[in-house]
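Working notes for the structure below.
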Amino acid sequence: MLRAIAISSVLLPGLVAAQVAGAQSGQTSPPSYPSPWMEGGDGWDDAYAKAKAFVSQLSLLEKVNLTTGVGWEGEQCVGNTGSIPRLNFRGFCMQDSPLGVRFADLVSAFPAGINTAATWSRTLFNARGSAMGSEHRGKGVDVQLGPVAGPLGRVPEGGRNWEGFSPDPVLTGVAMAETIKGIQGAGVIACAKHYILNEQEHFRDKSSTSEASSSNMDDTTMHETYLWPFADAVKAGVGSVMCSYNQINNSYGCQKSYTLNHILKNELDFQGFVMSDWAAQHAGVASALAGLDMTMPGDQGFDSNNSYWGGNLTASIINGTVPQWRLDDMAVRIMSAYFKVGRDSARVPVNFDSWTTNTTGYLHALDPTRDVQVVNQHVNVQDDHAKLIRQIGQRSTVLLKNTNGALPLHMPASVAVIGEDAHSNPGGPNNCSDRGCDIGTLAMGWGSGTANFPYLVAPVDALRAQAATDNSRFANYSNNYDLKSAQMTAANASVAIVFVNADSGEGYITVDGNAGDRNNLTLWGNGDALVAAVASSNKNTIVVMHTVGPVIVEAMKNNPNVSAILWAGLPGQESGNAITDILYGKANPAAKSVFTWGKDRADWGVDVLYTANGSPPQIDFTEGNFIDYRHFDQAGIAPSYEFGFGLSYTTFSYSNLQIQKQNAAAYVPTTGQTKAAPTFGTIDTSVAANSYPPGFDGVNFYIYPYLDSTTPVNNGTKTPVPPNSQSSSPQPKLPAGGAPGGNSGLYDVLYTVTAKITNTGKVDGIEVPQMYVSLGGPNDPKIVLRGFDDLSIKAGQSATFKADIQRRDISNWDPVSQNWVISSYPKTVYVGSSSRNLPLKAVLNGNNNNGGYGGNGNNGGNYGNGGYGNNNNNGGNGNNGGNYGNGGYGNNNNGGWGNNGGEDNNGGQDGNNGQNGDGGHW
């Protein structure tokens, strides 16, 4: 057996077992201070040196300007920081979205993340990132707000799951890393979001009646599932991370020192900057000390004309509540990301405007007193990206059912295309703001994670053109509710193709009663009834689904008249062309499902919390690591289609599994300490130097860094802050840390796995072999994905699948030692075409001897339905830390004490009363 790594079983200082173990209502986390300061290393050194030189010449006001947004609609982008006119440095431009440039014209509408993941292609992950990055760069954007690893996809109804990649952390992690490399390789900073546990839209944010929901999580699940793809993002060198709206173990994500300071900046050694989600900051000093580096969009509420930072951050530096080294670290992290991706040479002026499509308008949308000027230059940045979008659309279409070779089509005598989803929105593809409707064909979800379509090829148009080429008779019908007419249209056709959909999006928009999250897992617009009706009148019915995730398909799967089922997801602007290519065999399906298709809503074992169960609502992740296929395996539930499943127009066989042990060095826990916190430059902290200049003509609703008469400044009273939060002394490094992504030894290759994949069919095709590992423990999932590749193989030929097993891949997180360990349980490797079709297996050599050895041929078989019990490590409701702070800046002690238990979120009100409103809590 493999031996466990010998590490002390004593908890690290400041950690309480009950606080890092449980997933239960009222759960808290231990505070972690001070906020780690940047030190460079691993690809950051050159950028760090440039950033230090730049920041060293800045004044206090200029440093604050880098960290604080100018307010919603203050400039042309959805997020903008203040500028440094003295150095001719314009503020940063942050712009959505994870699938294109939001609020702009002459841009591309790329396939959603969930489609991109379904290609299982590192090459396409990277190419899409690069293309999106180049379009953002061409519009003048500094930071693209994507990619997405949160939500991961815990609940299938989750409204924004489609923005990310997959509920599997490894697949999402690879997609995150490659997308980030593509975006940043194009000269734009990527932003990994939403960190972390933002898994549903209901109650995600603070309202007038309740605090935001708390996602309650045990430490093991955090590391083994939800943190995993963010670790991959950090290792890939991501420049920024966006903290999320929700609370995490009952404190807000943008002021939670445990997740920002302890995990992200210390354990994962993140060198970039943390920005808030828009209006996700709920405190000033508290968020600064807990690790927030940039507040977006800068004002406390959209267009509220006040800020937790801006002049208040200036005051907190002057009065010493926030030390200079913390502000300098914010600024250096921001500028290091800027220099790392080459923004100093890639920048062009912002040439679009988020608030108007007109050529001319107000530069500051909320200030009509300023002159009208050109705000949209209508720069075309699309290049030839339509080809890539069409390719990803093809490669992401999952063929779920294909009875008796119904597909591909070959010059059928007649074709009927039925369903609203096949047709265009009569008002145009951008008719609904942020795609907040479900009219016509669905090619992206709704919310801020969208972009304007330059055009949208509707399936009916592409299929009509193909029918004309083939001299096939063609008919179409778009009304989903007139089932009799739909049946008549389909009755005499050689093939009836039914298009159906299911939509979701961000919670600020409600569509058909769905407030972001889906209310159910059925098809929208009477889709299930439409499929049944058409199938009753045509024995060659093909169903194409444009959905944001799984729907219940068991009825159509078992309907003998439904000859084929395809999931086309959210394919972007080339939707109709891509699906036509697949239906007619111009492209061979190669996609694999990135989620499990259950037979019943209850099969997933988790659901959205739709009704508040308290204030704040408590979302307990008691299922632990067992989400999606891991839960189905553990609970013994047979799905309609399993994770990783997808058919082709050809067939493949698997053989000759080989595992080669690599001579990796022993794992060495990180030890030692950081250097002391540095400061950069000398700042003038006098009130006079940091107040509004006489006669200053400010823009309406604009956030400035200046002090004014309402900004409290220290009069000698010291504001209490969390212990150690202001310390600049060298700090201990974490055993699991020491390098971006965590301890570098976690990424050592221990084994290399190979297998022979043969195309046994008559046409060329692409196969996606998948490698799974059984960690062997009683609380482990039955199998977990650990590797994959996409192999293009000609008919009758073979290719070699190769995947490395890194130390992290066969390790478990130990919440006691706070490190990764390899347990003594036997580890088994499986290779196959899906999570339940794994014909090859081999047990890893327990003695870890040199040399390779063969696997067990085809003895793996399909996975059964057994499993292990839940890993519900419910700890106690510890209250380490106590209440911190009884006021805000200086002597502005107008807030009361928090009442939620001790941690970052629970001290006195921190921020501004009077004109600036109440701040958040420690």
Side-chain angles (χ1 to χ4, degrees), residues 65 68-85 87-97 99-109 132-145 187-188 278 296-299 301-305 343 346-383 385 425 427-436 447-456 508 573 695-704:
N65 245 10
T68 304
V70 300
W72 181 247
E73 299 180 286
E75 296 279 1
Q76 292 167 276
C77 304
V78 296
N80 309 266
T81 62
S83 61
I84 305 174
L87 300 179
N88 197 30
F89 185 87
R90 75 149 202 253
F92 277 71
C93 165
M94 272 64 65
Q95 193 72 10
D96 296 305
S97 77
L99 57 65
V101 185
R102 185 186 180 203
F103 291 152
D105 62 356
L106 300 176
V107 298
S108 301
M132 292 192 301
S134 71
E135 294 202 9
H136 280 83
R137 182 191 68 224
K139 288 291 188 179
V141 175
D142 294 301
V143 183
Q144 178 182 347
L145 301 176
V188 171
W278 270 230
M296 280 289 122
D299 33 15
F302 289 1
D303 303 330
S304 64
N305 199 30
R343 292 301 297 155
R347 246 186 176 189
V348 299
V350 175
N351 52 52
F352 71 102
D353 193 282
S354 297
W355 320 116
T356 180
T357 58
N358 296 332
T359 301
T360 59
Y362 299 114
L363 181 63
H364 311 288
L366 296 179
D367 193 346
T369 66
R370 308 283 159 168
D371 291 338
V372 172
Q373 57 187 281
V374 173
V375 292
N376 277 310
Q377 297 179 31
H378 309 292
V379 176
N380 191 331
V381 294
Q382 296 170 85
D383 203 359
H385 298 154
N425 183 330
N430 302 315
N431 184 50
C432 300
S433 178
D434 285 340
R435 314 297 79 78
S448 64
T450 57
N452 287 342
F453 290 101
Y455 60 84
L456 175 55
Y508 68 88
Q573 67 192 47
F696 181 78
D697 181 21
V699 175
N700 291 343
F701 293 95
Y702 207 84
I703 304 301
Y704 290 101

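Values below: every heavy atom of this structure, side chains too, minus hydrogens, waters and symmetry copies.
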Between the main-chain N or O of [Y] and the side-chain N or O of [X], is there a donor-acceptor pair closer than 3.5 Å?
X: Tyr362; Y: Val375; result: no
X: Asp96; Y: Leu145; result: no
X: His364; Y: Glu75; result: no
X: His136; Y: Gly133; result: no
X: Lys139; Y: Asp105; result: yes
X: Gln144; Y: Val188; result: no

Q: Check whether the side chains of Gln373 and Asp371 place a donor and an acceptor atom closer than 3.5 Å, and report yes or no.
A: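 Result is no, nothing qualifies.
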Q) In terms of side-chain heavy atoms, does Asp434 have a donor or acceptor partner in Tyr508 at a distance below 3.5 Å? A)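 Yes, because at least one side-chain N or O of Asp434 sits under 3.5 Å from a partner of the opposite role on Tyr508.
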Between [atom1] of [X] and [atom2] of [Y], what distance do you get to the nearest 0.5 Å?
X: Asn80; Y: Arg90; atom1: CG; atom2: CZ; result: 9.0 Å
X: Asn431; Y: Asn425; atom1: CG; atom2: CG; result: 5.0 Å
X: Tyr704; Y: Asn65; atom1: OH; atom2: CG; result: 9.5 Å
X: Asn452; Y: Ser108; atom1: CG; atom2: OG; result: 12.0 Å

Using every non-hydrogen atom in the two residues, find where [X] and [Y] come nearest and quote the distance to one decimal.
X: Ala109; Y: Gln573; result: N-OE1, 2.8 Å
X: Ser448; Y: Ser97; result: O-CB, 3.4 Å
X: Val379; Y: Leu106; result: O-CB, 3.7 Å
X: Gly187; Y: Ala346; result: O-CB, 4.0 Å

Q.
Pair Val381, Arg137 - check side chain to side chain contact (heavy atoms under 4.5 Å, CB included), show working.
A. CA-CA 9 Å; Val381 294; Arg137 182 191 68 224; over 6 Å; no
State, with a plain yes or no, whether a side-chain heavy atom of [X] is found less than 4.5 Å away from one of [Y].
X: Gln377; Y: Pro349; answer: no
X: Cys93; Y: Gln76; answer: no
X: Leu363; Y: Arg370; answer: no
X: Cys77; Y: Val350; answer: yes

**Q.** Stacked cation flag Arg102 on Phe352, 6.0 angstrom / 45 deg
**A.**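 No, Arg102 and Phe352 do not form such a contact.
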Q.
Quick check with a 6.0 Å cut-off and a 45 degree axis cone: is Arg435 positioned over the face of Phe453's six-membered ring?
A.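 Not satisfied by the 6.0 Å and 45° rule.
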Q) Under the side chain to side chain donor-acceptor pair (under 3.5 Å) rule, what pairs show up with a residue in residues 352-361, not counting sequence neighbours? A)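 Side chain to side chain donor-acceptor pair (under 3.5 Å) check on residues 352-361 returns Gln95-Ser354, Thr356-Asn358, Thr359-His378.
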Q: List in chain and number order the residues that pass side-chain contact (heavy atoms from CB on, under 4.5 Å) with Pro297, two or more places apart in sequence or in another chain; answer none if no residue qualifies.
A: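 With sequence neighbours excluded, Pro297 shows a side-chain contact (heavy atoms from CB on, under 4.5 Å) to Trp72, Trp278, Asp299, Phe302, given in chain and number order.
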